[in-house]
There are 2 protein chains.
Amino acid sequence: MSATGLRDYLDGPYKAARDVVREGLAEHAGLLDAGLRLTRDEYRDEVLAMLQQITADGHPGRGFPKEYGGQGDLGGFIAGFETLAFGDLSLMVKAGVQFGLFAGAILHLGTTRHHEEYLADAINGQLLGCFAMTETGHGSNVQALGTTATYDPATEEFVIHTPHEGARKDYIGNAARHGRMAAVFAQLVVGGESHGVHCLLVPIRSLDGDPLPGVTLSDCGPKLGLNGVDNGRIVFDHVRVPRTALLDRYAQVDAEGTYTSEIENPDRRFFTMLGTLVQGRVSVGGAAINASKVALTIAVRYADQRRQFGAPGSANEALLLDYRMHQRRLLPLLARTYALHFAQAELVEEFVRLFGGGRNESEGRKEGVAVGEGDEHDRRALEAQAAGTKALGTWHATETIQMCREACGGAGYLAENRLAALKADTDVFTTFEGDNTVLLQLVAKGLLTNYRESFGKLDPLGTARFIAAQAVEIAVEKTALRTLAERLRDVVPNRSDSADPDAGLRDDAYHCGMLRFREEHMLAGVARRLKAGIDSGMEPFEVFNRCQDHVIAAGRAHVDRVVLEAFLAGVQRAPEGEVRERLKELYDLHALATIEAERAWYIEHGRLSGPRSKAITALVNELCAQVRPYAGDLVDAFGVPGAAVDVPMVVPSQHE
Amino acid sequence: MSATGLRDYLDGPYKAARDVVREGLAEHAGLLDAGLRLTRDEYRDEVLAMLQQITADGHPGRGFPKEYGGQGDLGGFIAGFETLAFGDLSLMVKAGVQFGLFAGAILHLGTTRHHEEYLADAINGQLLGCFAMTETGHGSNVQALGTTATYDPATEEFVIHTPHEGARKDYIGNAARHGRMAAVFAQLVVGGESHGVHCLLVPIRSLDGDPLPGVTLSDCGPKLGLNGVDNGRIVFDHVRVPRTALLDRYAQVDAEGTYTSEIENPDRRFFTMLGTLVQGRVSVGGAAINASKVALTIAVRYADQRRQFGAPGSANEALLLDYRMHQRRLLPLLARTYALHFAQAELVEEFVRLFGGGRNESEGRKEGVAVGEGDEHDRRALEAQAAGTKALGTWHATETIQMCREACGGAGYLAENRLAALKADTDVFTTFEGDNTVLLQLVAKGLLTNYRESFGKLDPLGTARFIAAQAVEIAVEKTALRTLAERLRDVVPNRSDSADPDAGLRDDAYHCGMLRFREEHMLAGVARRLKAGIDSGMEPFEVFNRCQDHVIAAGRAHVDRVVLEAFLAGVQRAPEGEVRERLKELYDLHALATIEAERAWYIEHGRLSGPRSKAITALVNELCAQVRPYAGDLVDAFGVPGAAVDVPMVVPSQHE
């Protein structure tokens, strides 16, 4: 088959934005070994130079409103960002910090005066900034941050302060070397009363690069990867900023020190503010999926050239990719990469729909107002979808890149073959922009409450209390839990009793039914257990903790189902002919490998017989063999530029 | 509990050897951040300096015969090597190359004249050497190496030559910078006839460090990890060495060019020679297990200090280690680390028994003679055990260190907290000293043929042919395959029908029975499938390839069982009282988590009912909670020196 048609289909509506970044990658290909050639500081400066280069190429501008020099093409911006993951990941992360997080905070949490004062400079890279949320003592639990911003009506200033060591801002990108300003998340104290976490713009460095008075900056030092990003620590000692430094889209403080917000409930206000920052998670998930594509491109091409041990009647040894075990290790991961690609594309579409900006032009932004009810429901759903895709996409990247490394043996361990950097650089994705286990709890929580009244605290206690108080009854009644299993059995005929265990295994209704059954059954089970625990008078924390593993598994089951359906929709929309045929084959492989991985659960819950389970394993093997001849084309279709994958261990002529 | 008693028990008979290395670790603790402070060449030279230091401390001497300046304490030598894994892993690997591989090849493959000429200098570090086996084109398939050693009777020399690029020696430790001599594995050609792979000593560098004529040396460049080891490439252009350069314990070439060997079958000769090098695999497995201990020590202590999110009725947030999910992520891995520790200790005992040298003195070595029949059987068994423990131990390290990194969030990503280096340095363990998937096939093959006539080729083709020709009939008859399942059902009462699904879940006979059932059933299944395929006239390669995944799974099932039984024996031998109680608890956790991980297979094969499977999961959760209060003591008992685990993110006072 030709990979071109498939590649165009995968690139989708943002092909142009992706191609711009692909072309640019040749220019910053030198970064790919910068971590090996240069000192850490030189590498960081080189990354900064390339950041200015992609700025000149128009990458960040694409994602911002036209009135501040942008093009209002949010989808193209994210697609471009994802494509940066084909190249040096420090550059991608630094771009994410500068344009996604820092400029994004100004755009989403600030109002016109902030936009007019800072946005153009943030977008064109003149004003380098930090996103100072995480503290040494608090990562995932953002509501418990220790930094304070106390209003002083006498001078009309906020005093930014780090009250103890645990409140030190930590791991902050751009803080160690380049950032001049920080979007600082702090407990807002006005008139002696704390109003929870808000964001303020705080200058941290002079134009000469010196820390400003009261600001102590330090370096996090070398990291496992991403050493081209200058992560650092920030400590504030009673640093004063004007009242206007508060990003006041959702809450305002007037000169006299009166705090106002259109969102009365503090939790709801907090989560509304945080929700506007969902773009970070959307982007990281996409980047992780694209990093997996790079690793698979290298490992599949290598396996399609490298021979090992003899095949009978042949002078040649057999190709690695002809071994079943090698197929088993790489091809289901290739199929899952496709599945996640389509899930990510769906997520980006929904993000673009909700966060304004048509595909190619700005539709203007609502400003200074809280979003409406309907919007709010959709946004909570989007946040859950982003959290889930980020968790699965980043774990997938860790697993896939590791497998690719092992599949390339000693050659995979050499830096020149790129898997080393991919592995090191992507490793933190599973825990930054939200720890994956915390994110899956967020997903499950949203589902349990069916998004209704879902502004409770994110922490386990809040979840347990909230569900105990309001949601479980609803959930229990709504889904008729006690008969759910029975109901689903009717919807999805249980073929495990069929005489032919192979019957219908490639039927997509069967796959979707199985994944839906798992999701609903697990959610119902969690709800029932939470309710039973609370009813029995157990401590809410204990109640939650005793089914934390179930909660997380339920979140994962949900995302698995969403990803599967996105892949299926992608197959159905694909151009007829070879593209669709190849995709359907990959889809079947992905669907059955997913069911196979959870077969213990299905058998335990009476949804799969032993013989049928074995038939699924046999079919996964068979599908691997069917996909194998096209594996080279399937990685070619990712369109990873040569500069990123032409490594010494892969002979170029073989995959042209 | 006090960790001291447990620690003494774990240290076992080689406590003194371990403690010497532990004490030395303070001296070379500076290496722990050398990769960050120094250039690559400086780092390598620093590692060399420390290698000389541990030589002066007596580490390598311990493992060699007294007549060459050693102490003949092979067990203590390996225990010391394993303990080096608590520190900088480049030092450990360089020591492994120099003393284990290079000096080991001289000792095991050479005869008195080689021992007298080189051994003392190899042991005292004056003669730095390489183990030049792997080539660019051939890693696991050693029999197919391309380098040639052709005898020239006119000059009584061997001509060492690299005939094509794929025959270049690659990834060779000590080759890029420090090695002066190489133990080169090459096809021995005498009188125009090839006799298969043999080993010869070839000088590669002058005393000044320049490559010798005809030898081209280059650097593999930066690697994912282990950058303190100077891995390089060697190309030979008709390099001449004297006839005495052949390590001639198992085969000799006389001046006239007559080849002789006491082992007539070339395959058997090859595997006998290779078998003497089993020490490398024994050592790497142990090192990987110890690297896991370092990571777990850090992650468990961190989780026992770090708080996140609220617990009800408490001003404090909850400790990470009090969360079920966190327990689930770390504690079964802690239990498996203990299991592997005992399996490794058993392996070392058997190695010491077979490879001479009592615990504290040399019993003298058989030299120049092939091992006897009984010995041979035991050695094949040892090789399989070493291969299996290496595969499981190194995969365990990769999984455990990754999990520990994620469990420490952003802090785990900073180099200062050591998990980064552990992850990077150990990553290659899964594919060097034998790729793990190849090793598990070796394990399964040995079992299938019941070690009888087991000198067939290691490659898949050879396996399939061999089994087809000789072994399957035997295996089928011996185990009465068709009724095996029934037979085992009698031996291990199937409790899945019991009214009480919890009954006997902590009964070790139940655990062992389950793991034995799985092993025997899988092996029988593989044998049956191989036989059926061959009988049907399918190509042997195809027959093998179609059940490669089963072969590997069967190998793994065997090793799982061996590891479990080793842990159980370790519990039973433990001092009565708290040490034994804690170990039994951990053993139960390990046993049940192992069964849980394979529960799909057990249910598919009628060995587990759905309710009992769920009961096992519930009990694993409960055991995690029971182990949790002792988790700190359980990692303290590993005895990892403070220099290796006192990282900034762990507050020292908390675990003293």
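By convention in this document, chain letters (A, B, ...) are assigned in the order of the sequence lines, proteins followed by strands, and residues within each chain are numbered from 1.
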Spacing of M325(B) atom CE and L440(A) atom CG [to the nearest 0.5 Å]: 8.5 Å

Smallest separation among heavy atoms of R324(B) and C547(A), with atom names: NH1-N, 4.3 Å

Largest heavy-atom contact set with chain B, pairs under 4.5 Å, which of G166(A), A420(A), G610(A): A420(A)

Heavy-atom proximity to chain B below 4.5 Å, by part of A625(A): neither

Heavy-atom closest pair, residues L414(A) and C220(B): CD2-CB, 3.9 Å

CA sep, side-chain torsions, deciding dist, call: R599(B), E604(A), side chain to side chain contact (heavy atoms under 4.5 Å, CB included): CA-CA 9 Å; R599(B) 68 194 198 283; E604(A) 282 170 2; 2.6 Å; yes

Part of I552(A) lying under 4.5 Å from any heavy atom of chain B: side chain

Euclidean distance, Q327(A) CD relative to D549(B) CG, rounded to 0.5 Å: 10.0 Å

Among G221(B), G225(B), A424(B), residue most engaged with chain A (heavy-atom pairs, under 4.5 Å): G225(B)

Side chain to side chain contact (heavy atoms under 4.5 Å, CB included) involving D427(A) - partner list, sequence neighbours excluded: L224(A), T398(A), Q402(B), R405(B), Y413(B), K423(B)

Point-to-point distance, once rounded to the nearest 0.5 Å, from CD of Q548(B) to CG of N621(A): 10.5 Å

Residue, of E596(A), K614(A), R328(A), that accumulates the most heavy atom pairs under 4.5 Å with chain B: K614(A)

For the student: nearest non-hydrogen atoms of I603(A) and A600(B), plus distance: CD1-O, 4.2 Å

Closest non-hydrogen atom pair between G410(B) and T431(A), with its separation: N-OG1, 4.3 Å

Contact winner vs chain B - L226(A), L419(A), N231(A), D170(A), heavy-atom pairs under 4.5 Å: L226(A)

Side chain to side chain contact (heavy atoms under 4.5 Å, CB included) evaluation trace for N436(A) with E406(B): CA-CA 9 Å; N436(A) 284 356; E406(B) 291 185 32; 5.6 Å; no

Contacting moiety of A421(B), where chain A heavy atoms sit under 4.5 Å: neither

Engaged part of D435(B) at the chain A interface, taking heavy atoms whose separation is under 4.5 Å: side chain

Nearest-0.5 Å distance, CD of residue Q441(B) to CZ of residue F309(A): 8.0 Å

Audit row: H138(A), E317(B), side chain to side chain contact (heavy atoms under 4.5 Å, CB included) steps and yes/no: CA-CA 11 Å; H138(A) 286 101; E317(B) 295 173 282; 2.6 Å; yes

Test item: Y323(A) side-chain N/O and N545(B) main-chain N/O as donor-acceptor pair under 3.5 Å: no

Closest contact, heavy atoms only, R306(A) versus G139(B): NH2-N, 3.6 Å

Salt bridge (charged side-chain N to carboxylate O under 4.0 Å, His left out): pairs with one or both residues in residues 412-422 of chain A, sequence neighbours excluded: E416(A)-R233(B)

Part of A144(B) lying under 4.5 Å from any heavy atom of chain A: side chain

Interatomic distance, E542(B) atom CD to D322(A) atom CG [nearest 0.5 angstrom]: 9.0 Å

Portion of C408(A) that has a non-hydrogen atom of chain B nearer than 4.5 angstrom: neither

Choice from N417(A), V551(A), T430(A), N227(A) maximising heavy atom contacts with chain B below 4.5 Å: T430(A)

T437(B) portion near chain A, given a 4.5 angstrom heavy-atom threshold: side chain

